[in-house]
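Just so it is clear: chains get the letters A, B, ... in the order the sequence lines come, proteins before strands, and each one is counted from 1. Values in this document were obtained by computation on a predicted structure and should not be read as measured data. Values below: every heavy atom of this structure, side chains too, minus hydrogens, waters and symmetry copies.
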Protein chains: 2
Amino acid sequence: MIDFSSDRPVHWQLADIIGADIAAGRVKPGQVLLSETRLMQQWELGRVAVRQALGVLRGEGLVDTVKCEGSYVRRQAPLDRVAVQGPVEVTVRMPSPEERKDLNIPEGVPMFVIKEPRKRSRTLSADRTVLVWAGEDRVASEEH
Amino acid sequence: MIDFSSDRPVHWQLADIIGADIAAGRVKPGQVLLSETRLMQQWELGRVAVRQALGVLRGEGLVDTVKCEGSYVRRQAPLDRVAVQGPVEVTVRMPSPEERKDLNIPEGVPMFVIKEPRKRSRTLSADRTVLVWAGEDRVASEEH
DNA sequence: GCCCATTTGTCCGTATGTATA
DNA sequence: TTATACATACGGACAAATGGG
């Protein structure tokens, strides 16, 4: 499966393979992937390449690596629908490590920054949130 | 500056240091950072630690690494103000490598997914875009 | 055009610490 | 206690692209 003569780096190839497995549902959300060592053996790669591949998948938000346990396929968190009422300006960026900790945002997940006039910005983890311009006078955040 | 006896990993410490330099403007947008080798010498770290630190900064969208040149402090792209009209649903996620390529999105930058009723989703690089709900019937994207 | 130093990208191997089962 | 597994580091090596002489 891995083509060592390809000009596509092997850790990208491995990330492609695992990502395709996830997309196809061959490994399901919440399920743990093979360990680094198993992946090294199965694909005949070094540890660095395997870790780089997992790093790519974390960066894409597809998996979540837990120390001393393994890398899990990320569960699709139930979405909070957050309604906003204009005029609003919305930007998005990656959180700093501190913001990740404060807002409980996993690695590879961006962050909403919502600026309403005369208010200070609201920040929301983007993997749990769908932003809705309702046009109605409901601004509540529907917690599930 | 780097505390090897700290329980905070050295590559995080280095990312903190460089990130603080960027935030304070001691290195300016468009400017190139010291090379990996220089950073290794200056901070007495191995290459892996230096690369991990740069990887952290890329993941935060602070720097952009160009092969055979160096890591540059990312220029703040001039923002396109994109006006939307309700009802609209906005989600955000990290692009896949293919989408990054297609939409010309740098590493560490998330992507808007804008779903308007009866239309197919629009995707926009989030580092160039500020989303505005104006409440008016103007849906144009004001290119600068 | 060519050489050469620089710089990052891509790999390998090895080692230690630490949390989990 | 033992085995497993990941996190953090070190070292080395070669390839590929860039830019200056």
Between [N] ([atom2]) and [X] ([atom1]): distance, integer Å:
X: A/R58; N: D/dC6; atom1: CZ; atom2: P; result: 10 Å
X: A/L34; N: D/dA5; atom1: CG; atom2: C1'; result: 13 Å
X: B/W12; N: D/dT8; atom1: CH2; atom2: P; result: 7 Å

For the pair [X] (side chain) and [Y] (backbone), establish whether a donor and an acceptor sit closer than 3.5 Å, ignoring hydrogens and angles.
X: B/R58; Y: B/V63; answer: no
X: A/E69; Y: A/V66; answer: no
X: A/Q13; Y: A/D3; answer: yes

Side-chain contact check for B/H11: nearest option of D/dA7, D/dA5, D/dA9 is D/dA9
* To do: Start with the C-alpha distance between A/E116 and A/R122, add both sets of side-chain angles, then the distance that settles side chain to side chain contact (heavy atoms under 4.5 Å, CB included), and finish with yes or no.
  => CA-CA 8 Å; A/E116 295 165 287; A/R122 269 198 297 168; 3.9 Å; yes
field: A/H11 side chain near A/V50 side chain, heavy-atom distance below 4.5 Å
entry: no
Group every Ile, Leu, Val, Met, Phe, Trp and Tyr by side-chain heavy-atom contacts under 4.5 Å, then state whether [X] and [Y] land in the same group.
X: A/L62; Y: B/I105; value: no
X: B/L34; Y: B/W12; value: no
X: B/V27; Y: B/V56; value: no

Check your understanding: Do NZ/NE/NH1/NH2 and the carboxylate oxygens of A/D64 and A/R75 come within less than 4.0 Å?
Key -> no
- prompt: Do the charged groups of B/R81 and A/E89 touch, with an N to O distance under 4.0 Å?
  reply: yes
Outer limits of DNA chain C sitting under 4.0 Å from a non-hydrogen atom of chain A, read 5' to 3', are C/dT10 to C/dT20
Letter by letter from the 5' end, nucleotides 10-21 of chain D scores (B base, S sugar-phosphate only, - none; protein heavy atoms under 4.0 Å) BS-B--BBS---
When the rotation axes relating C1' atoms of four end pairs to the next four are compared across the helix from C/dC2-D/dG21 to C/dA21-D/dT2, five pairs an end, they differ to 10° by 10°
